[in-house]
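Protein chains get the first letters and strands the later ones, always in sequence-line order, with residue 1 at the start of each.
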There are 2 protein chains.
Amino acid sequence: MADNVTVQSVEKNMKGKATSFDIAHYAGVSQSTVSRALRNSPLVNEETRRRVHEIAKKLNYKVDKNASNLRTQQSSTLALLLFEDPTEDESQINPFFLSMLGSITRACAKEGYDLLVSFQSTSSDWHADYEDSHRADGLILLGYGDYIDYQSKLQTLLDNHTKFVCWGASVDDRPDLTVSCDNYGGGALAAKHLIEMVRTDCAFIGDASDHSPEFFARFKGFRDTLKQKAIEVSDRKIANAISTEDSGYHATRSLIANNVTFNALFAASDLIAIGAIKALQEAGIRVPHDVHVVGFDNIAAAGYVSPSLTTVQQNTTLAGQMLVDNLLRLIRGEQVADTLLPPKLIIRQSSR
Amino acid sequence: MADNVTVQSVEKNMKGKATSFDIAHYAGVSQSTVSRALRNSPLVNEETRRRVHEIAKKLNYKVDKNASNLRTQQSSTLALLLFEDPTEDESQINPFFLSMLGSITRACAKEGYDLLVSFQSTSSDWHADYEDSHRADGLILLGYGDYIDYQSKLQTLLDNHTKFVCWGASVDDRPDLTVSCDNYGGGALAAKHLIEMVRTDCAFIGDASDHSPEFFARFKGFRDTLKQKAIEVSDRKIANAISTEDSGYHATRSLIANNVTFNALFAASDLIAIGAIKALQEAGIRVPHDVHVVGFDNIAAAGYVSPSLTTVQQNTTLAGQMLVDNLLRLIRGEQVADTLLPPKLIIRQSSR
DNA sequence: CGACATTATGACACCGGTGTCAGACTGTAT
DNA sequence: ATACAGTCTGACACCGGTGTCATAATGTCG
C-alpha cells in the first residue's frame with residue numbers, strides 16, 4: 001500500500017496546494033470517493049465522508065475551481081459590465097452605478113455566486129468575451145444607454161446564446177431581458193409633485209431625444225403628466241445634458257443666458273440637478289424660492305446638498321436583487337419577464 | 001480526411017462553443033498548432049497563424065479560461081475582499097470604499113486582470129478561499145480595520161503563501177504588505193490647519209484607541225502636532241465613533257450633552273464629520289463660525305454638504321493603482337515594500 | 001443455495017486547453 | 001551522398017476535478 005505511487009500528486013509535497021488525490025491517499029480511498037464525499041453525495045458511506053472531510057480540513061484543501069468549472073462547464077460566477085458615459089471623468093464613477101454595484105455584489109453573494117466586475121468602454125469588443133470564455137455564466141449590463149452600436153452587440157450576445165440582463169429602459173424592438181425603474185412613472189411623479197406645489201412653468205434638463213431611452217422615458221412621463229393639466233413644456237425650456245454635474249451646470253447656465261424663465265426644473269438625474277442648482281445659485285436664483293428642483297436617482301449626495309434635493313428614488317437594493325435573480329433564472333432556463341420597479345418620490349428642501 | 005473523427009469536438013455542432021479542435025479541423029492542422037498560433041508563438045508559420053486567427057474569428061472562438069487556467073495554474077484574476085463595519089447599514093456601502101473599488105477596478109483592467117469582488121463579514125472564514133481555489137492569483141483586502149480575530153486570519157494567509165495586500169494602517173507586528181494613506185501625516189495636516197485658523201480648542205471624534213489602527217494614527221498625528229504647540233487634546237473632548245454618519249451624530253450629541261466645549265472638531269472620517277455637523281447645527285452651534293470641522297477621506301459628499309467640508313483627501317486613484325501594482329509584483333515574486341501615500345488637505349467652508 | 005436488490009467503491013474517460021518531445025521537411029555545408 | 005542546423009508540425013501527457021460504468025460486498029427473499 002505504502003509503496004503505491006499516487007498518480008497526480010506526490011505524498012507529502014507541501015509546495016503545492018493539496019489535491020483530492022492527497023486526501024485520497026491519507027484517507028485510504030480512491031480520489032473518486034473523495035470527490036463524492038466532499039460534495040456530500042449520498043452514495044458515500046457516512047463514516048468515510050466524515051473522515052474525508054476531516055482530512056480535507058486538516059490539509060486546508062479547497063476545490064480547484066478551474067478544474068471543477070472545466071468539467072461541469074459552468075463557473076458560479078456572474079460578470080458585471082459597467083458602461084460609462086465616455087465623457088465621464090476617468091477617476092469618478094457615477095455614484096448611482098456604484099450604488100447598484102454594491103447591491104448587485106450583495107445579491108450575488110447571497111446566491112452563492114462570485115462577481116466579476118469590469119469597466120467597459122462602449123467602443124471595445126466586450127461582447128461575449130466573458131461568457132464564451134467560461135469566465136462567467138451570465139452577464140449583467142449596467143449603464144445609461146449609450147446605444148450607438150450597442151444594439152448590434154446585444155444582437156451578437158443573443159446570437160451566441162449568451163445569458164444576460166440589462167439595466168435600463170426596455171426598448172420595444174430589443175429582445176433582451178431588462179430590469180429597470182419605471183422611468184416614465186418616475187417622471188410622472190415629479191410632474192405631479194410640481195403640480196401640487198403649483199410650479200408648472202417647468203424646465204427639463206437631460207436628454208429629450210430618444211438617444212438615451214431612460215432619460216427620454218423620464219421626460220415623457222413628466223411631459224405627458226403636465227399635458228394632462230394642459231400644461232406644455234416648451235422646447236425652449238429643454239436643455240440637453242449627460243449625467244454629470246458639469247453637464248447639468250453648463251446646460252442650466254445656457255438656459256439662463258438665453259433668458260429662459262421657469263419656476264421649476266426637472267433634471268433627468270441627481271448629478272445634473274446638483275449642477276443645475278449650482279448654476280442657479282450662482283445666477284442669484286434661489287432654490288426652492290424662485291425655482292423648485294427635482295432630480296432622479298436619489299444618490300447619497302442628494303441628501304447632502306444644500307438645499308437638499310427632492311428626487312425620484314430608484315430602489316437600488318431591489319434592483320440589484322432583481323438583476324441577479326432574473327439572470328439566474330435565465331441561466332437555469334426558466335421563464336423570465338422584464339421587470340419594472342416602482343420609483344418613489346423623496347421630497348426634500350429643493351421643492352418646498 | 002473527411003471521415004476522420006475529431007477527438008474532442010464533433011465537426012459542426014453549433015450547440016456548444018467552438019473549441020480549438022474545431023479550428024484545427026477547419027484549418028487542417030493539429031490542435032496543438034492552433035493553440036500555438038492563437039498565442040502568437042514564433043514557432044508557427046506566418047501563413048498558418050493568419051489562417052488560424054481568421055477561422056477563430058469566424059467561429060467566434062474564445063479561449064476557455066477554465067481549461068487555460070487549470071493548465072497554467074493561474075487565473076489572471078485578482079479578488080477584492082471588502083470588509084465592512086458590521087454595524088453598517090446593509091444597503092449602504094461606505095462611499096470611500098466604493099471609490100476605492102472604482103479605482104481598483106480600473107487599475108486591474110489596465111493590467112489585464114479580471115477582478116472578483118466580494119463582501120465579507122469579518123466573522124466568516126474567507127481566508128484563503130479565493131486563492132487556494134485558484135479563483136484568483138491574489139487578494140486585495142479592503143476595510144477599516146476590524147482587527148479582532150483578523151490577525152490570525154492574516155497569519156493563515158501568510159502560512160498558505162497566499163499573495164495579498166492590505167489597505168490600511170501598517171501595523172509593526174504584522175508582516176503583511178500594506179498600502180495606505182499616511183494617516184499620521186493626515187492628522188497632522190488637520191492640526192496644522194486648525195492652528196493656522198487659531199482654533200486650538202479641539203475635539204476629536206473617531207477612535208482614539210488602537211482598536212482601529214487607521215483612526216488611531218490620524219488621532220496621533222493630530223494630537224502630536226498640537227502638542228508641539230503645547231496644546232493638549234483633553235480626554236473629555238474625545239468621543240468614540242465608527243465610520244458612519246449616525247455614529248458621528250450621536251457621538252457629537254453626547255459631547256454636547258456633557259457640556260463639553262470646543263471651537264474645532266477633527267473627525268476621523270467624512271461620514272463622522274457629516275453626522276457631527278448635523279448634530280452641531282441641531283444644537284444651534286454654527287459651523288464654521290462657532291466650530292471649525294475637518295474630516296478625512298474627501299468622499300464625494302464632502303463637497304456637497306453645507307457648509308462644504310474641509311477634509312484630508314486620500315488619493316484613491318493612486319491608492320487603487322498601488323494596491324494592484326504591489327500585488328502583481330508580489331505575485332511575480334518581486335521585491336515589494338509597504339507604500340505610504342501622501343494625503344492632501346482640501347480646505348472648504350467648514351473651516352473658514 | 002441461487003436470484004436479485006442495495007450499498008459503497010474504484011477505474012476510467014472526459015472537460016479544453018498548454019507544454020514537451022519527437023520527427024518531418026527543407027536548405028546548406030561537407 | 002551525408003551530416004547537420006533550422007523551421008514547422010503532430011502526438012501525447014498533463015492540469016484537477018466530475019460523472020459514468022462496472023464491480024465487490026452485503027443483505028433479503030423464495
Working to the nearest 0.5 Å, report the span between [atom1] of [X] and [atom2] of [Y].
{"X": "B/L80", "Y": "B/L323", "atom1": "CG", "atom2": "CG", "result": "8.5 Å"}
{"X": "B/S118", "Y": "A/Y113", "atom1": "OG", "atom2": "OH", "result": "15.5 Å"}
{"X": "A/L38", "Y": "A/R49", "atom1": "CG", "atom2": "CZ", "result": "10.5 Å"}

Electrostatic pair B/E54:B/K57 at N-O distance under 4.0 angstrom |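 B/K57 and B/E54: not salt-bridged.
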
A/R50/A/E46 salt bridge by N-O under 4.0 Å criterion: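 No, A/E46 and A/R50 are not salt-bridged.
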
Check your understanding: Which comes earlier along DNA chain C counting from the 5' end, the contact point of A/V34 or that of B/A67, where each point is its nearest nucleotide?
Key ->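 With A/V34 and B/A67 compared, the 5'-side residue is A/V34.
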
Using a 4.0 Å heavy-atom cut-off, does B/S20 contact any base of the nucleic acid, only the sugar-phosphate backbone, or nothing at all?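 Sugar-phosphate contact only - B/S20 comes under 4.0 Å of backbone atoms but never of a base.
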
Nearest to the side chain of [X], heavy atoms from C-beta on, is which of [options]?
{"X": "A/T33", "options": "D/dG17, C/dG10, C/dG17", "result": "C/dG10"}
{"X": "B/R36", "options": "C/dT9, C/dT18, D/dA11", "result": "D/dA11"}
{"X": "B/L70", "options": "D/dG17, D/dG10, D/dG16", "result": "D/dG16"}
{"X": "A/S32", "options": "D/dG16, D/dC15, D/dG19", "result": "D/dG19"}

Between the protein and nucleotides 23-27 of chain C, list every N/O to N/O distance that falls short of 3.5 Å.
none

Margin query: Would you say A/R135 and A/S133 are linked by a side-chain donor-acceptor pair, where the criterion is simply a distance under 3.5 Å?
Written below: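 A donor-acceptor contact under 3.5 Å links the two side chains.
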
Nearest-angstrom distance from the residue atom [atom1] of [X] to [atom2] of [N]:
{"X": "A/D64", "N": "C/dG17", "atom1": "CG", "atom2": "P", "result": "17 Å"}
{"X": "B/H25", "N": "C/dG17", "atom1": "NE2", "atom2": "P", "result": "16 Å"}
{"X": "B/Q31", "N": "D/dC8", "atom1": "CD", "atom2": "P", "result": "20 Å"}

* Axial bend angle, the helix from C/dC1-D/dG30 to C/dT30-D/dA1: five-pair end segments, nearest 10° ->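 So the angle between the two local helix axes works out to 60°.
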
| Candidate list A/L116, A/N326, A/I104, A/L82, test side chain to side chain contact (heavy atoms under 4.5 Å, CB included), partner A/I140, passing option |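 Exactly one option meets the side chain to side chain contact (heavy atoms under 4.5 Å, CB included) with A/I140, and it is A/I104.
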
Next on the checklist: Reading DNA chain D from 5' onward, which residue's closest nucleotide shows up sooner: B/Q73 or B/G28?
Outcome noted: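 Closer to the 5' end of DNA chain D: B/G28.
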
Requested in this report: For B/R71, check side-chain contact (heavy atoms from CB on, under 4.5 Å) against everything at least two apart and list the hits.
Outcome: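 Applying side-chain contact (heavy atoms from CB on, under 4.5 Å) to B/R71 gives none.
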
task: Using the test side-chain contact (heavy atoms from CB on, under 4.5 Å), find all partners of B/N69 that sit at least two apart in sequence or belong to another chain.
output: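 Once residues adjacent in sequence are excluded, the partners of B/N69 under the side-chain contact (heavy atoms from CB on, under 4.5 Å) criterion are A/N66, B/K65, B/S75.
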
For residues 40-51 of chain A, which residues have at least one heavy atom under 4.0 Å from DNA chain C?
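Result for residues 40-51 of chain A: A/L43, A/V44, A/N45, A/T48, sorted by number.
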
Original post:
Got a sec, which pairs hit salt bridge (Lys or Arg N to Asp or Glu O under 4.0 Å) with one end in residues 28-38 of chain B, sequence neighbours left out?
Top reply: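 Residue pairs passing salt bridge (Lys or Arg N to Asp or Glu O under 4.0 Å), neighbours aside: none found.
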
Taking the side chain as every heavy atom from C-beta outward, state whether B/L328 and B/R332 have any pair of such atoms under 4.5 Å apart.
->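 Yes. Closest side-chain heavy atoms under 4.5 Å.
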
